[in-house]
Student: 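Please read through the structure below; I'll follow up with questions.
The chains referred to below are lettered A, B, ... by the order of the sequence lines, with proteins before strands, and numbering in each begins at 1.
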Protein chains: 2
Amino acid sequence: MKMREEYTCPLELTHDMIKGKWKPVILWQLSKGPASLSALKKEIAGISQKMLLQHLNELQSCGVVEKKTFEGYPLKVEYFLTPRGHKIFGAVTIMQEVGIEIMREDKITK
Amino acid sequence: MKMREEYTCPLELTHDMIKGKWKPVILWQLSKGPASLSALKKEIAGISQKMLLQHLNELQSCGVVEKKTFEGYPLKVEYFLTPRGHKIFGAVTIMQEVGIEIMREDKITK
DNA sequence: CAGCATCCGATCTGATACTG
DNA sequence: CAGTATCAGATCGGATGCTG
């Protein structure tokens with residue numbers, strides 16, 4: 001991922017934050033509230049642990065997601081959206097709405 | 001790109017529509033009004049013709065963009081957003097806004 | 001001006017196996 | 001449960017040259 005200063009336009013910056021196959025779905029899940037790694041893995045059908053972690057790390061490094069680690073056994077970690085994450089989630093919401101509309105339209109067309 | 005029926009969730013569908021390095025910027029430009037290939041190329045700094053065309057084709061095949069071809073020489077073509085394109089543009093708008101905010105925040109932090 | 005084909009390196013994704 | 005390492009295949013992106 002780029003350093004912040006390298007972005008020439010705002011869209012490029014934000015696009016980086018939601019690019020990747022699973023980022024919108026991860027944000028969607030986290031918008032419901034904090035979640036552990038295993039919970040996310042369960043809720044997001046088809047994602048591999050590697051990709052989940054990789055995307056979570058990217059989301060953290062651009063300030064969209066943070067995590068809280070609880071000491072002890074078994075290990076417990078909670079991922080959650082930052083204020084910035086909630087802002088970007090606004091875009092994801094629209095994506096979801098448009099997607100629903102389109103799927104509905106396509107059903108009617110059939 | 002997938003066939004419509006293969007999408008399991010709306011977000012996956014919409015994500016396909018804006019994924020790719022240049023799609024948000026292309027939608028941004030087209031939101032200002034119809035534009036020719038060369039106009040887009042001029043307005044979008046750094047894009048290659050190949051990627052521009054490829055993304056425009058993908059946007060067309062998911063019903064976000066259409067084009068109108070005018071016969072004659074020199075050839076003239078206009079790309080423009082469909083109603084569906086305008087809906088998705090709503091998400092792009094938020095991306096832009098969030099991006100601007102973040103860039104501003106980062107400047108203050110410095 | 002609009003659009004296609006090809007080649008190549010970079011990046012992304014996923015399966016699997018392993019650590020604290 | 002959380003997280004890392006690695007390897008192979010798929011996809012993406014960009015440069016270049018060619019066609020109508």
Student: I need the CG-P distance between Leu52(A) and dG3(D), as an integer number of Å.
Tutor: 10 Å

Student: Please say yes or no: joined through hydrophobic side-chain contacts below 4.5 Å, possibly via intermediate residues, are Ile47(A) and Leu40(A) part of one cluster?
Tutor: yes

Student: Do Pro10(B) and Ile102(A) come close enough that some side-chain heavy atom pair is under 4.5 Å?
Tutor: no

Student: Could you state the CG-C1' distance from Leu56(A) to dC1(D), rounded to the nearest angstrom?
Tutor: 14 Å

Student: Does Tyr7(A) reach the side chain of Asp16(A), with side-chain heavy atoms less than 4.5 Å apart?
Tutor: yes

Student: To the nearest angstrom, how far is Phe70(A) atom CZ from dA2(D) atom C1'?
Tutor: 14 Å

Student: Sugar-phosphate atoms are those with a prime plus P, OP1 and OP2; base atoms are the rest. Using that split, label each nucleotide of nucleotides 13-20 of chain C B, S or - for protein heavy atoms under 4.0 Å, 5' to 3'.
Tutor: BBB----B

Student: For the side chain of Lys41(B) and the backbone of Leu37(B), is there at least one donor-acceptor N/O pair under 3.5 Å apart?
Tutor: no

Student: How close or far is atom C1' of dC1(C) from atom CD of Glu78(B), stated in whole angstroms?
Tutor: 14 Å

Student: Angle between the end axes of the helix from dC1(C)-dG20(D) to dG20(C)-dC1(D), five pairs per end, to the nearest 10 degrees?
Tutor: 40°

Student: So which pairs with a foot in residues 81-97 of chain A pass side-chain hydrogen bond (donor to acceptor under 3.5 Å, both in side chains), sequence neighbours left out?
Tutor: Arg84(A)-Glu105(B), Lys87(A)-Glu101(B), Lys87(A)-Glu105(B)

Student: Please examine the side chains of Gln54(A) and Asn57(A), heavy atoms only from C-beta on, and report whether any two atoms are closer than 4.5 Å.
Tutor: no

Student: Is the backbone of Gly20(A) close enough, under 3.5 Å, to the side chain of His15(B) for a donor and an acceptor to pair up by distance?
Tutor: yes

Student: Do Val65(A) and Val77(A) share a hydrophobic cluster (ILVMFWY, side-chain heavy atoms under 4.5 Å, transitive)?
Tutor: yes

Student: Using a cut-off of 4.0 Å on non-hydrogen atoms, how would the nucleic acid contact of Lys41(A) be classed: base, sugar-phosphate, or nothing?
Tutor: nothing

Student: Does a side-chain N or O from Tyr79(A) land closer than 4.0 Å to OP1 or OP2 of dG3(D), or not?
Tutor: yes

Student: Students often get this wrong, so: under 4.0 angstrom with heavy atoms, is Ser36(A) touching a base, only sugar-phosphate, or nothing?
Tutor: sugar-phosphate

Student: In this structure, how many angstroms lie between the P atom of dA2(C) and the NZ atom of Lys76(B), rounded?
Tutor: 10 Å

Student: Write down the distance between NZ (Lys68(A)) and C1' (dA2(D)), rounded to a whole number of angstrom.
Tutor: 17 Å

Student: Less than 4.5 Å apart, any side-chain heavy atom of Lys32(A) and any of Glu43(A)?
Tutor: no

Student: Round to a whole Å and report the spacing from CG of Asp16(A) to P of dC12(D).
Tutor: 16 Å

Student: Take the protein atom CG of Leu53(B) and the nucleotide atom P of dG3(C), then report the distance between them rounded to whole Å.
Tutor: 6 Å

